[in-house]
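Atoms within a ligand are numbered from 1 in the order they appear, just like the ligands themselves.
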Amino acid sequence: MDHTGALDALLHEERVFRPLPQIVIEANVTPQNLQAAQAKADTDALAYWEDAAHELDWFKKWDRVLDDSDAPFYKWFPGAKCNIVYNALDRHIETGNKNKLALIWEGEPGDQRKYTYYELYRAVNRFANALRSLGIGRGDHVVLYMPLLPETVISMLAVAKIGAVHSMVHGGYSAKVLRERISDVQARLVITADGFYRNGKIVNLKNVVDEALTSASTECVETCVVAHRVTVDVEMHEPRDLWYDDLVRRERPEAPTEVMNADDPLFVLYTSGTSGTPKGIVHSHGGYMVGVNRTMSWVFDIKPTDIFWCTADAGWITGHSYVIYGPLVTGTTTVMYEGSSLYPQADRLWDVVDRYGVTILYTAPTLIRMLMRYGPQYPKRKDLSTLRLLGTVGEPCNPEAWVWLYKYIGRSECPIMDTWWQTETGMLMISPLPISLLKPGSVNKPLPGIAADIVDAQGNAVPAGTTGYLILRRPWPGMMRDVLGDSARLRSDYWERIPGGVYFAGDLARRDQDGYIWIEGRADDVMNIAGHRIGTVDVENALTSHRFVSEAAVIPVPDKIKGEVAKAFVILTPGWEDHFENLDELLKALRLHVQNEIGPVAELRAIEPRKTLPRTPSGKIMRRILRAEELGLNPAEVTTLLPDD
Ligand code: 6R9
């Protein structure tokens, strides 16, 4: 099996860390509750999730917990009426949370904005009214191309409040990708900002939107709303473009919340999958809110006094579920920081924790590995004693990074929740709880109600210690509802890959003798670059769209900080010599081309010209041969994918 994607030490880690007694006593889920919950979930999973659903407010309760008559198009809480924004905002206004801080935002230059629940509620209502006055309503698609700003939170919530569907595109994607997303969802509205601060510089965003909107494929867009953040020249195209501030100025701070079916779409988020072009993953109001609420309060152990900081960008699922929806649904205070973790120096994260008294910090192994390099003197300068719980997500957390986080950030007292989940799962799936025994590098065990297993290609469970495919045997409330415009892929890419009607996650994993799960990387053609999913096929397509590349194969190669980066092998088209001084110039142009096609998220480590590429008899490029060569392995040590690959 292919262990090459995993960081070495993962395979030899045996340390166990116990939670302090204080944590066990005070946790929302004590060992006794956990045992009872686990027993209930094991005997009647639907009753378990029904209990979880009762913690939220519904306009009308469900007829049944789950409709599985059209599996794998599972419908959670059929018959129920709700809106996640009612749970994230409206209901808090009626309770003691009204004047509690909902959002603490800090800009990279150090400016701050804070919103109480009541203030955020009013801001969302104003924008919801503005959206309605633009003719946007139930079922309309809205694309957000925004940095981390309060307006990003307000826009998402306002869109959801009126029953429209948001689709965030991360600012690290190019105009071309943005254009594809806009056209795919047929967005009537795009919301963006003039720009944002990153590493002390202004990054212009609006010009990317302008470029995206030049094509016939984006004619669906009637309006582009621009939030003001930086001083930069912006071309406003009348009548299409409107300033956010002008729009909301005269709007009333009250707006009705649309009554949605539990199963109505809330958002679409694109991610690279096992095959083909990136998929638009659809999530809906009801099940998703139950999933994020339960995992926030159980895994992150939310208490009324917490200050919760998830460092993810709003453009990824982690930002959706654990910067915005999860924290607000549970009524906690969520922190957002606009800029770079290294600005003005490598203590910025610790500085933010210190100044706001952050109690729970949820971040990515890549970031930890990067900050580790600067040494413990940076965190040591700050008061991190308010922290009580830590979390990581997005990629395997190597024990070295885990232990550094534990020791220097968590004072050897804060448990670390290494959480496994995906854009498709919507919510945390495999994770420790604050009371768990922890093994650095392991994602611990499935949460109650989650039936994870590790199997071979035929669907048979593999013995402990053996690597196999990570699957989920039962549906869960936060699960994806559909693949936008291509429902067949929900079956083919996820539920029909392994026999037995189980969900194929696309990851390789193994279980140890104690039942702890260790994720070993992707089983498909997806790279995990700094915790971001990038399809090898997407980078290959970007390369072959250049006139001097006739064929390309892209593989992930290990990187000490980013986990993985991409390496490309290309067959060049003759004639390039007439257009470029030398090979270096051409390769530089190819890199730039990939940046323009996909964006800076797809980091190319190297491009190597080849005369031929290894192929299967049917003509498919054998990336595993290239990987074996690159890593100095015997090709037999690098797994083939599932039998049909
Ligand atoms: C939430 C998120 C999902 C993929 C997933 C896996 C990897 C996520 C992980 C992890 C090891 C963890 N992944 N969490 N690998 N340990 N704790 O990251 O969603 O962007 O869709 O990526 O990320 O490979 O399949 P998404």
Task: Amino acids in close contact with ligand 1, where any non-hydrogen atom sits under 4.0 angstrom away - done: I317, T318, V393, G394, E395, P396, D418, T419, W420, W421, Q422, T423, V443, D507, I519, R522, N528, R533
Open item on the list: Cation-pi check for Y469 against R497: NZ or CZ below 6.0 Å from the six-membered ring centre and within 45 degrees of the axis, yes or no?
Closed with: no
Open item on the list: Is a donor from one side chain sitting under 3.5 angstrom from an acceptor on the other, for T295 and Y322?
Closed with: yes
Can you give each donor-acceptor pair under 3.5 Å made by side-chain atoms of residues 311-319, sequence neighbours left out, with the distance rounded to 0.1 Å?
residue, atom, partner, partner atom, Å
T311, OG1, T363, OG1, 2.9
D313, OD1, G315, N, 2.7
W316, NE1, H532, NE2, 3.2

TODO: Can you sort out the partners of N28 under side chain to side chain donor-acceptor pair (under 3.5 Å), two or more places apart, ordered by chain and number?
DONE: none
Task: salt bridge (Lys or Arg N to Asp or Glu O under 4.0 Å) partners of residues 326-339, not counting sequence neighbours, each pair once - done: R229-E338
Task: Salt-bridge present (E630, R605; N to O < 4.0 Å) - done: no
